[in-house]
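The structure appears below as structure tokens.
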Amino acid sequence: MCGIVGYVGLQEVAPFLLQGLKKLEYRGYDSAGICELNGKLHVHKTQGRIADLECLLNQKVISGSVGIGHTRWATHGAPSDDNAHPHYDCTGNIAVVHNGIIENYQDLKTLLIAEGHVFRSETDTEVISHLIEKYYQGNLLEAIGLAIKDLRGSYAIAVLAQDSPDELVVVRQDSPLVIGLGMGENYLASDIPAILDYTRNVYILEDGEMARMTRDTVEVFNKELVPIDKAVFQVEWDPIQAEKEGFADFMLKEIHEQPKAVRDTLAGRIDQDGNLTISHDIPVSLVKGITKVQFIACGTAYHASLYGKCLLEDLLELPVETELASEYRYKRVKADANTLLIVISQSGETADTLGALRLAKAKGARVLAITNVVGSTLAREADAVMFTHAGPEIAVASTKAYTTQLACLYLIAAYLQEQLLGRVDPSSLIALTKIPDQIASVLAMHEERLRDYAQKLVKATDAFFLGRGLDYASAMEGQLKLKEISYIHGEALAGGELKHGTLALVMPDVPVIALVTQSLLKEKMVSNLKEVKARGGDILLLALADSGDFSDVGDEILLLPSTLDFLAPLLTVIPMQVLAYYAAKARNCDVDKPRNLAKSVTVE
Ligand code: M6R
């Protein structure tokens with residue numbers, strides 16, 4: 001989730017590149033850089049925001065009229081000057097910017113180093129520049145065509161070669177790229193907002209397509225370098241709509257980004273046969289000999305930890321505890337050198353979470369972080385980190401941060417099983433790889449219905465979210481989503497707990513969102529729902545397809561694609577996010593910036 005821009009024309013490149021990068025800063029903002037071609041390639045890059053790059057460029061003379069630029073959201077290697085893009089090859093003849101994740105970069109890097117290539121960064125991207133160098137024989141397009149045959153993963157790549165001074169060559173696979181068509185100049189961007197001030201005529205590249213851009217021509221090819229006749233697309237979005245990719249709000253956009261976000265989380269961590277490849281994230285020494293697992297987190301991340309606790313309790317023969325970070329800080333800390341402390345935080349900067357982490361660390365606990373932000377305080381202070389790779393989350397309400405945290409937790413659970421119990425179940429990991437497509441189909445199948453159902457919530461003062469086992473953990477996240485953006489009171493309850501008090505609030509038409517995905521608890525849950533039904537509650541029931549007939553308890557029944565019970569929370573949360581979103585919209589709430597809340601809570 002970074003931003004790419006590029007230009008070939010007669011103007012000086014810096015104004016376009018800088019302005020384009022500013023428009024894409026929401027895509028990534030930990031470092032930025034440009035490369036201009038002016039007889040020679042000149043790379044200027046820095047850690048920090050685009051404003052820092054602008055200061056750097058103000059001290060230089062930039063006169064090239066061909067260039068590429070990048071704003072980075074780190075995935076491999078912390079934010080730093082060296083890790084910022086563009087990246088050169090060994091000779092300085094090739095410069096590359098890249099969005100996406102190269103899954104097999106470690107193997108490629110080892111190979112290239114053995115062949116004598118010298119690396120200057122910790123990024124996955126740098127293997128691309130060295131691969132192109134390896135294949136380059138004077139034809140940049142051909143060299144890139146060969147290089148991408150070696151790559152596994154997702155990429156949008158833009159490349160300049162010093163001895164091919166009039167062209168910019170690009171390629172895309174699972175990461176967007178658009179080419180803006182001008183008069184005597186052409187523009188490149190990973191996202192439409194960057195070029196809207198210059199042109200509305202664009203080529204939208206499809207997966208596997210490459211393009212060679214000069215100031216007067218744009219030629220598009222498939223991977224075999226066969227030319228393609230591309231249709232020009234006229235962009236009609238205004239700049240704000242374009243930033244949200246046509247969605248009304250960042251939250252809705254981020255809800256829809258979840259298939260890709262979870263795919264990125266899994267990228268390079270499960271091979272085709274369902275084997276785990278995460279020992280580079282979590283060294284074996286970190287987990288060998290542990291006698292206890294503790295989770296700490298806040299808010300949505302805490303709800304993810306509830307999932308982690310249920311999962312690990314079921315799969316491991318170890319005690320597992322989870323604690324709100326703000327509570328953990330003021331209790332007697334029961335951690336030692338054999339405790340694996342799993343700290344979850346989207347931002348990696350939450351004050352309570354960091355405070356709790358430091359206490360446990362002082363007791364000798366081994367710290368494994370799950371975070372979305374490379375270079376965050378949490379990432380720096382933990383012994384090992386599993387990055388979620390969700391890309392920047394702008395809406396205050398977490399959506400893709402949560403699902404990617406669950407995906408990480410599932411991977412960690414499988415890894416602990418493998419390392420501590422010597423057991424692996426490749427079929428369950430194969431089931432996990434199907435989740436991104438299943439999330440997409442939940443959205444495609446149910447969004448409209450949920451938008452309608454949300455109208456029922458609009459008038460409600462309370463809504464209850466019921467579940468048992470893992471479904472209870474998911475219900476906790478469902479109620480938080482509803483509360484924080486729609487300001488309707490939501491409450492999560494374990495199904496069996498209802499009759500111990502809260503049932504008193506269930507009256508005709510009170511909305512109850514019921515999660516029934518856990519096979520062993522299904523009958524019990526249905527009995528709990530009958531208690532609701534008998535009091536006239538209105539039940540929206542979420543279940544996995546082919547798991548039974550719920551028509552006697554559900555007023556509305558939403559069937560989700562069938563998956564393992566353990567993986568159901570990655571699907572049930574989607575309708576709850578969508579429901580919260582449309583309830584908030586129907587009440588005219590500011591969905592992206594709910595009142596009284598901040599994205600990152602850096603004070604206690
Ligand atoms: O950045 P963190 O994950 O540490 O943030 C913790 C909570 O503040 C956060 O999860 C919050 O609850 C969500 N944004 C709510 O949707």
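The structure presented is a predicted model; accordingly, all values stated were derived computationally and were not measured. We count ligands from 1, going down the list as the structure has it; atoms in each ligand are counted the same way. Quick note: residue numbers are just sequence positions, from 1.
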Next item on the list: Could you pull out the closest heavy-atom pair between Phe387 and Val374, with the gap in Å?
Entry: CE2-CA, 3.4 Å
Notebook entry, point to check: At what distance is the nearest protein heavy atom to atom 10 (O) of ligand 1, and which residue and atom is it?
Noted result: Thr300 N, 3.1 Å
Checklist line | Arg587 to Tyr487 six-membered ring, cation-pi geometry met (6.0 Å, 45°) | finding: no
Next item on the list: For atom 5 (O) of ligand 1, grab the closest protein heavy atom and report residue, atom and distance to one decimal in Å.
Entry: Thr350 OG1, 3.4 Å
Margin query: Give me the residue, atom name and distance of the protein heavy atom closest to atom 3 (O) of ligand 1.
Written below: Gln346 N, 2.6 Å
Check: Can you name the nearest heavy-atom pair linking Ser175 to Asn99, along with the distance?
Finding: OG-CB, 3.6 Å
Next item on the list: Output the list of atoms in ligand 1 that are nearer than 4.0 Å to some heavy atom of Ala301, sorted by atom number.
Entry: 3 (O), 10 (O)
Notebook entry, point to check: Which atom names give the shortest non-hydrogen contact between Ser154 and Lys260, and what distance separates them?
Noted result: OG-NZ, 4.5 Å
Notebook entry, point to check: Any idea which heavy atoms bring Leu515 and Asp471 closest together, and the distance?
Noted result: O-OD2, 3.2 Å
Margin query: Which of the numbered atoms in ligand 1 are under 4.0 angstrom from any heavy atom belonging to Lys481?
Written below: 16 (O)
Next item on the list: Could you tell me the residue and atom name of the protein heavy atom closest to atom 8 (O) of ligand 1, and the distance to it rounded to 0.1 Å?
Entry: Val601 CG2, 4.1 Å
Next item on the list: Give the residue, atom name and distance (to 0.1 Å) of the protein heavy atom nearest atom 7 (C) of ligand 1.
Entry: Cys298 O, 3.7 Å
Note to self: Quick check for you: to the nearest 0.5 Å, what is the distance between Leu564 atom CG and Thr517 atom OG1?
What the structure shows: 11.0 Å
Under 3.5 Å donor-acceptor pairs involving side-chain atoms of residues 458-469, not counting sequence neighbours:
from: Asp462; atom 1: OD1; to: His489; atom 2: ND1; distance (Å): 2.8
from: Arg468; atom 1: NH1; to: Asn528; atom 2: OD1; distance (Å): 2.7

Margin query: Using a 4.0 Å heavy-atom cut-off, which part of Leu597 comes near ligand 1: side chain, backbone, both, or neither?
Written below: neither
Margin query: Using a 4.0 Å cutoff against the non-hydrogen atoms of Ser345, which atoms of ligand 1 qualify?
Written below: 1 (O), 2 (P), 3 (O), 4 (O)
Notebook entry, point to check: atom 1 (O) of ligand 1: which protein heavy atom is closest, and how many Å away?
Noted result: Ser347 OG, 2.6 Å
Notebook entry, point to check: Closest heavy-atom contact between Thr371 and Ala379?
Noted result: CG2-CB, 4.2 Å
Next item on the list: Give the residue and atom name of whichever protein heavy atom lies nearest to atom 14 (N) of ligand 1, and the separation in Å to one decimal.
Entry: Val396 O, 2.9 Å
Notebook entry, point to check: Which heavy atom in Leu505 sits nearest to a heavy atom in Val510, and how many Å separate them?
Noted result: O-CG2, 3.7 Å
Margin query: Looking only at protein heavy atoms, which one is nearest to atom 15 (C) of ligand 1, and what is the separation?
Written below: Glu484 OE1, 3.1 Å
Margin query: Can you name the atoms of ligand 1, numbered from 1 with element, that are less than 4.0 Å from a heavy atom of Ala397?
Written below: 16 (O)
Notebook entry, point to check: Within less than 4.0 angstrom of ligand 1, does His303 place any heavy atom?
Noted result: no
